[in-house]
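If you're wondering where the values come from, they're calculated on a predicted model, not measured in any experiment. Naming convention: chains lettered A, B, ... in sequence-line order (proteins, then strands); numbering from 1 in each chain. Heavy atoms only: backbone and side chains are in, while hydrogens, waters and symmetry mates are out.
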Protein chains: 2
Amino acid sequence: MTFFKIISIFDESAFEDVKINLMTTIYDIAKKTGFSITTVSRALNNYSDVSEKTKKLILEAVEEMHYYPNSVARTLSTKKSWALGIIFVEDLGIGMKHPFFNSVIEGFKKSVEKKGYDLIFLNRNVGGVKMSYLDHALHRGVDGIAVVSSNYDDSEVEKIIASTLPNVIIDLHSTKSNVVYSDNLHGCELAIDHLYSLGHRKIAHIAGHPKTFVGLERLKGFKSAMKNHGLDIHKRFVVDGGLFSAEGGYNAMRKLLQMKDRPTAVFAAGDNMAFGAMKAIREAGLKVPEDFSVIGFDDIELAGEITPFLTTIKQDMDKIGEKAAEVLLQGIDNKSEPSTCIVPIELIKRESTKSVN
Amino acid sequence: MTFFKIISIFDESAFEDVKINLMTTIYDIAKKTGFSITTVSRALNNYSDVSEKTKKLILEAVEEMHYYPNSVARTLSTKKSWALGIIFVEDLGIGMKHPFFNSVIEGFKKSVEKKGYDLIFLNRNVGGVKMSYLDHALHRGVDGIAVVSSNYDDSEVEKIIASTLPNVIIDLHSTKSNVVYSDNLHGCELAIDHLYSLGHRKIAHIAGHPKTFVGLERLKGFKSAMKNHGLDIHKRFVVDGGLFSAEGGYNAMRKLLQMKDRPTAVFAAGDNMAFGAMKAIREAGLKVPEDFSVIGFDDIELAGEITPFLTTIKQDMDKIGEKAAEVLLQGIDNKSEPSTCIVPIELIKRESTKSVN
DNA sequence: AAAATGACCGAAAACGCTTTCGATTTATCA
DNA sequence: TGATAAATCGAAAGCGTTTTCGGTCATTTT
């Protein structure tokens, strides 16, 4: 770092910049002002029993010496870290690349940051030692946990739910903790209603993996909506699309295409699966929406950018993140009862569906 | 929380579970084993001067009492937090939804987690008080910072670069700190070579915003590659695509479409801009690649999933994240010299380019 | 003028860990 | 067997805060 040395000879302020992270402590500013560290601390935390005059003096010194309290020491003393743990539970291994997860977390992040919380990603190994997510959270001293989970039964998640550490689970149902998820059932209704109104009667469903909560919910929603319209649910028209990937949707659609008696419309439990399905349709020399109507679920970024623009059920991911933040912070502040928040959903009509021929 | 109370009456182990986060400390396990906290600490940290026998005893107690060291206290004492700060600098406000950023960070995350580090998102307000990213990092006591920056000149980023806190900057160039980015220049060469070899001579460039490093780099690369082939660079064929969004690409392409003398191919500085451009082309009743060849930059997830599949320059985002982790951890361990890492790039031929008519 | 009140401030303990330094015990050697 | 070295452990200080408790003034009350 010769660079800094050279600079420092000529420019005193640059030298200070370099030393900036040699931590100035509360002692330094106590020494400078002549007050005790107690008084300094009280001034910084807006206690009433410190006169305006000394408070002003102290704050000036703080400003001048570029002091910020060490959050680690503060946390040790107060047991409040102002940090929230976040956990992704999914089997694809794509983590932050997951288009639903990252949208939700971005909304969550924006909300909690306003309240002064930082986000910290929790994993399962700390310095080589495998530990549970909960243990990691405890070890780190976070004030609460948000988990975004695609998996239905997960012992890790259950451990968190059973703990007294404030938490919120996104995209999972439980009566024992705070949960928030979209109104999947109503979403399915909207989708099927839409297809029905276009004249479709033979409707297939590309289902999400049965080990995922939303996969199961949407399958349930599909069946119930079909029943509402008095439509038959051919077992062969319900095909597994795997873990919501485009590839899974592609494979599922290929199965549907091989049938002699084909559906006229397909409702995919996720946008990526819908994209995969459309790819399979194109490859078979057929067209969307002329030969097949396709409707997705999620409304991820690119649903409106790639042709044919995908008709889909929109999840309000910002709102989900926001709500999750709300109930979590509430749980942190005053240990409220477990709450279930179901956020509204919306049909977005685009180009991938049309009336049956 | 009546739930827990009821349980605890009947089931002692469930009760323990509930109390699990009432922190068992090193004192507890000292008391239980009869050794001093010093010895316990040494046993846990693999010091040599503790006998195998007592070590075993202590580790058993640790296991039994479900003890994990409090990382906050440990950090305060050792000045090592095993946490890395990450910062997004971008003007779109999409944060984690940014397809390049989140891919890179996912790769980074996986690498550092293996070494025992946690990731913490840094923002600029701590409990209502605005502070700089650097101050926030210092305040939090992270061991290092990774910044993913799209902006060329940013005082915040410069502050970090100038600090002694180990850091790595992704997608920015500087000789004063660790940086890692793709071989943008060569990427542009590959793109133009490809178009040239297909017979294209009138090539337009949808440029990234000039305040971004990659925007400037790719513009430079475009010009230099064109020159290499002895091709003219019509000023009107270089059009600003804004902040790499689909919308920006859309608007840019519309400008190109209005010209009487149109290009036959367009090289967009980002995939999203390429998507936007293709949308504009379709809306004009024209086709890709029949009427226009389009090539992008990035190879984001959906480049290979939406029709026409996009020919593009692939950035190896996993590798970028991985390399960033490598140099950052190296900088933390032994304060090495600033390093510049340029990661290789690749042409992915797909359907959006064809030979000129 | 003495006593009571309130405003303002400091000493010290605590948070849970690491680490230095020294003490005690055990093993080793002559 | 006595001296010495090695192995094993504990006391205590320290990391940078917060917070309890009490003390010193100046001010008010009677």
For this session: Starting from the C-alpha separation in whole Å, work towards a yes-or-no answer on side chain to side chain contact (heavy atoms under 4.5 Å, CB included) for B:Val327 and B:Ser339.
Result: CA-CA 8 Å; B:Val327 305; B:Ser339 82; 3.7 Å; yes
Problem set entry | Test item: side-chain donor near acceptor, B:Ser149 and B:Asp171, under 3.5 Å | no
Exercise. CG of A:Leu76 versus P of D:dT19: gap in Å, rounded?
Worked result: 12 Å
Problem set entry | Atom-to-atom span, CD1 of B:Ile29 to P of C:dG16 - whole angstrom | 15 Å
For this session: Give a yes-or-no answer on whether the side chains of A:Ser177 and A:Ser174 include a donor-acceptor pair shorter than 3.5 Å.
Result: no
Exercise. Rounding to a whole Å, what distance do you find between B:Tyr68:OH and C:dG16:P?
Worked result: 19 Å
Exercise. Which part of the nucleic acid, if any, lies within reach of A:Gly141 when heavy atoms closer than 4.0 Å are counted: base, sugar-phosphate only, or nothing?
Worked result: nothing
For this session: Look at B:Lys79 and D:dG16 and indicate whether a side-chain polar atom (N or O) is within less than 4.0 Å of OP1 or OP2.
Result: yes
Problem set entry | Distance, rounded to the nearest Å, where A:Arg74 contributes CZ and C:dA14 contributes P | 22 Å
Exercise. Within the distance-only criterion (no hydrogens, no angle test), does the side chain of A:Asn167 pair as donor or acceptor with the backbone N or O of A:Ile160 below 3.5 angstrom?
Worked result: yes
Problem set entry | Residue mapping more 5' on DNA chain D - nearest nucleotide basis, B:Lys55 or B:Thr78 | B:Lys55
Problem set entry | B:Tyr67 side-chain N/O to C:dC17 phosphate OP1/OP2 under 4.0 Å | yes
For this session: Look at A:Lys56 together with A:Glu52 and state whether they make a salt bridge at an N to O cut-off of under 4.0 Å.
Result: no
Exercise. Is the closest basic N to carboxylate O distance between B:Lys176 and B:Glu158 below 4.0 Å?
Worked result: no
For this session: Quickly work out the A:Ile58 CD1 to D:dT17 P distance and round it to whole Å.
Result: 13 Å
Problem set entry | Atom pair distance, as rounded to whole Å: NZ in A:Lys31 and P in C:dG10 | 16 Å
Exercise. Looking at A:Glu113 and A:Lys110, does any basic side-chain N land under 4.0 Å from a carboxylate oxygen?
Worked result: no
Exercise. A:Ile26 CD1 to D:dT17 P: how many Å, rounded?
Worked result: 6 Å
For this session: Would you jot down, in residue-number order, the residues of residues 35-54 of chain A having a non-hydrogen atom under 4.0 Å from DNA chain C?
Result: A:Phe35, A:Ser36, A:Thr38, A:Thr39, A:Arg42, A:Asp49, A:Val50, A:Ser51, A:Thr54
Exercise. Can you tell me how far C1' of C:dC9 sits from NZ of A:Lys56, to the nearest Å?
Worked result: 19 Å
